[in-house]
Amino acid sequence: MGITIYNTLSREKEDFIPLNPPFVGMYVCGPTVYGDSHLGHARSYTVFDVLYRHLKWSGYKVRYVQNITDVGHLTGDTDDGSDKIAKQAVLERKEPVEIAYKYEVSYFDDMKKLNILNPDISCRATGHIIEMIEHIQALIEKGYAYVTDQNNIYFEVRKFKDYGKLSGRVLEETKSGERINIAGDKRNSEDFALWKAADNSHLMKWNSPWGVGYPGWHIECSVMSKKYIGETLDIHGGGIDNVFPHHECEIAQSEALTGKPFIRYFIHNNMLTVNGTKMGKSLGNFIILKDLFKEIEPMVLRFYILQSHYRSVLDFSKDSMNAAKVGFDRMRNSIFSLYKKTKDRKSEGTFRDVDEIFSQFIQAMDDDFNTPIAISVIYELLKLSNTELNKTDSDINKLTYISEKITIMTDDILGIQFNTIEAGVKNHEDQLISFLIEMRKQYRAEKNFKMSDTIRDSLKEMGITLKDGAAETAYTID
RNA sequence: GGCGACGUCGCCAAGUGGUAAGGCCGAGGUCUGCAAAACCUCUAUCAGCGGUUCAAAUCCGCUCGUCGCCUCCA
């Protein structure tokens with residue numbers, strides 16, 4: 001039983017076999033740092049974080065590389081030469097480098113809140129200009145790229161016969177429409193820029209054998225992935241919107257140079273829509289994570305994202321978000337009770353019914369990272385746990401065993417953390433609440449319900465809810 | 001115009017050939033001094049039509065609808 005992954009290259013689920021097991025080289029397209037991260041980033045990087053975690057848990061030695069695009073891409077493949085970071089720099093009256101760094105910090109800050117692990121290598125495009133120039137030069141020498149009289153360099157797509165194998169596009173049919181202004185010095189409309197000459201007004205530019213300029217949109221990923229992983233990557237991930245042209249062009253410029261397969265498994269997460277429509281910068285329905293986190297806990301968002309499969313379109317709405325929050329809270333409360341009961345214990349032996357459920361979880365994850373099923377399996381296990389917890393003679397060893405499995409599923413693999421639980425269990429608060437519960441128990445025994453209810457109501461006002469079970473009284477903290 | 005995805009219970013969402021997971025909401029019940037929680041039970045034949053098959057939500061065709069990519073975008 002191995003892991004299967006849906007490979008965009010074949011459009012089928014395939015058994016996952018890395019080039020050099022147990023090592024896995026994985027590259028995911030990182031953000032362009034010219035603004036705060038949005039919901040789409042949250043989805044994409046949560047998805048790949050879970051993929052990363054599950055591969056590691058499964059025994060693979062993963063090197064996860066992610067770029068930071070701090071060279072502004074062109075806003076279009078035209079000659080106007082404006083780039084996004086430079087634009088933002090003008091807007092904020094800052095240096096482009098300040099903009100890039102500011103939003104890089106902002107990005108990692110948001111990712112941390114979502115409990116997304118840092119990649120093993122986070123690399124910046126601006127730190128690899130030399131390698132990019134070398135790569136471009138080699139492509140020119142091999143005849144795949146050409147320098148124009150304006151000192152722009154383009155990749156000649158027609159020379160690379162496999163162009164289109166990822167996106168399924170055929171050159172003849174992709175003739176650019178009227179919406180794109182073709183740069184005048186291209187040989188063919190489908191050619192894409194590897195390097196562009198910069199004029200004086202340009203803020204981000206570097207020296208090169210072809211004069212002062214800046215790199216094209218696609219080259220950084222080819223160059224950095226090769227440098228840190230190798231000529232063939234096991235996994236390359238990104239949003240489905242990157243399939244064309246970005247990843248198609250990456251394949252071309254990489255394979256043209258090395259003659260080897262660039263990617264073994266291309267993985268793309270589907271888009272996130274807001275109330276049924278695409279979230280777009282120009283559409284104004286943009287949801288910034290920093291704003292959203294004022295209303296909902298980041299962990300709830302993570303849970304919400306994982307409740308749908310990464311290859312499905314995920315529609316974000318307030319209603320579905322709230323439904324997810326209620327479900328999340330229920331899970332958190334159940335786990336809270338379980339952890340409280342079993343803390344500082346180690347299980348002995350195994351329990352067949354628990355193992356059965358646990359293996360269902362792993363199977364779901366192995367099957368192209370089916371997190372919705374994985375989560376439904378957790379609910380099944382929690383049902384088992386709650387039932388056991390409710391018994392007067394509950395099996396503490398079994399509960400401990402369950403809690404150990406739950407930790408693997410939520411913390412280790414799905415990366416869903418219940419921080420409040422741990423905090424609640426440890427400090428003096430717990431002792432105080434337990435003392436009050438004891439007092440209330442006394443009053444109830446004496447049928448002094450007035451006092452017992454006072455304790456319960458007062459605690460409720462503080463956000464502490466008491467829950468009487470058959471065996472004992474548990475509590476949850478909001 | 002080209003390429004692609006999707007349409008499953010009131011809502012969210014799995015299932016891709018063997019007879020519909022899970023979550024939210026709702027109804028009933030058990031427990032309980034009451035309340036809450038927990039647990040149990042109940043609620044869909046899968047957009048429509050046609051075809052392939054012993055068997056289809058799952059494969060094929062058509063129709064309708066929604067969305068995405070083709071321009072930076074996760």
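What you see is a predicted model, and the numbers here were worked out from it, not measured in a lab. Protein chains get the first letters and strands the later ones, always in sequence-line order, with residue 1 at the start of each.
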Colleague: Side chain of A/F449: nearest nucleotide among B/G33, B/C69, B/G23?
Modeller: B/G33
Colleague: Starting from P on B/A74, measure out to CZ on A/F266 and report it in whole angstrom.
Modeller: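 In whole Å, B/A74 P and A/F266 CZ are 16 Å from each other.
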Colleague: Tell me whether the centres of the aromatic rings in A/Y45 and A/Y107 are closer together than 6.0 Å.
Modeller: yes
Colleague: Using the C1' atom as the point on both nucleotides, what is the distance between B/C46 and B/A21, in whole Å?
Modeller: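 One C1' to the other, the span is 14 Å.
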Colleague: Please measure how far the C1' atom in B/U30 lies from the corresponding atom in B/G23, and state the result in whole Å.
Modeller: 23 Å
Colleague: Answer yes or no: does a side-chain N or O of A/R330 lie under 4.0 Å from OP1 or OP2 of B/A38?
Modeller: yes
Colleague: OP1 or OP2 of B/C24 sitting under 4.0 Å from any side-chain N/O of A/N322?
Modeller: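 No, outside the criterion.
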Colleague: Assess whether one donor atom and one acceptor atom, taken from the side chain of A/D241 and the base of B/G68, lie less than 3.5 Å apart.
Modeller: no
Colleague: Just to confirm, is there a sub-4.0 Å distance from OP1 or OP2 of B/A37 to any side-chain nitrogen or oxygen of A/T465?
Modeller: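 Checking A/T465 against B/A37: no side-chain N or O falls below 4.0 Å of OP1 or OP2.
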Colleague: Around atom NZ of A/K467, are there more than 12 heavy atoms of other residues, nucleotides or ligands at under 6.0 Å?
Modeller: yes
Colleague: For the residue pair A/H236 and A/F266, does the interplanar ring angle fall in the parallel (under 30°), tilted (30 to 60°) or perpendicular (over 60°) class?
Modeller: parallel
Colleague: For atom NZ of A/K205, is the number of surrounding heavy atoms from other residues, nucleotides or ligands below 6.0 Å larger than 12?
Modeller: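 Above 12, so yes.
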Colleague: For the base of B/A35, is there a side-chain donor-acceptor partner from A/R456 under 3.5 Å away?
Modeller: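 Indeed, a donor on one side and an acceptor on the other fall under 3.5 Å apart.
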Colleague: Is A/K278 side chain donor-acceptor paired with the B/C73 base, going by distance under 3.5 Å alone?
Modeller: yes
Colleague: Check the side chains of A/N67 and A/Y27 for a donor-acceptor pair under 3.5 angstrom, ignoring hydrogens and angles.
Modeller: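 Yes, A/N67 and A/Y27 have a side-chain donor paired with an acceptor closer than 3.5 Å.
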Colleague: Side chain of A/L314 only, please: which of B/A13, B/C73, B/G22 is the nearest?
Modeller: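 It is B/A13.
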Colleague: Would you say A/N242 places a side-chain N or O within less than 4.0 Å of OP1 or OP2 belonging to B/A74?
Modeller: no
Colleague: Suppose we call a contact any N or O donor and acceptor under 3.5 Å apart; does that hold for the side chain of A/D468 and the base of B/A35?
Modeller: yes
Colleague: Go through B/G22, B/C73, B/C24 for me and flag the one nearest to the A/A323 side chain.
Modeller: B/C24
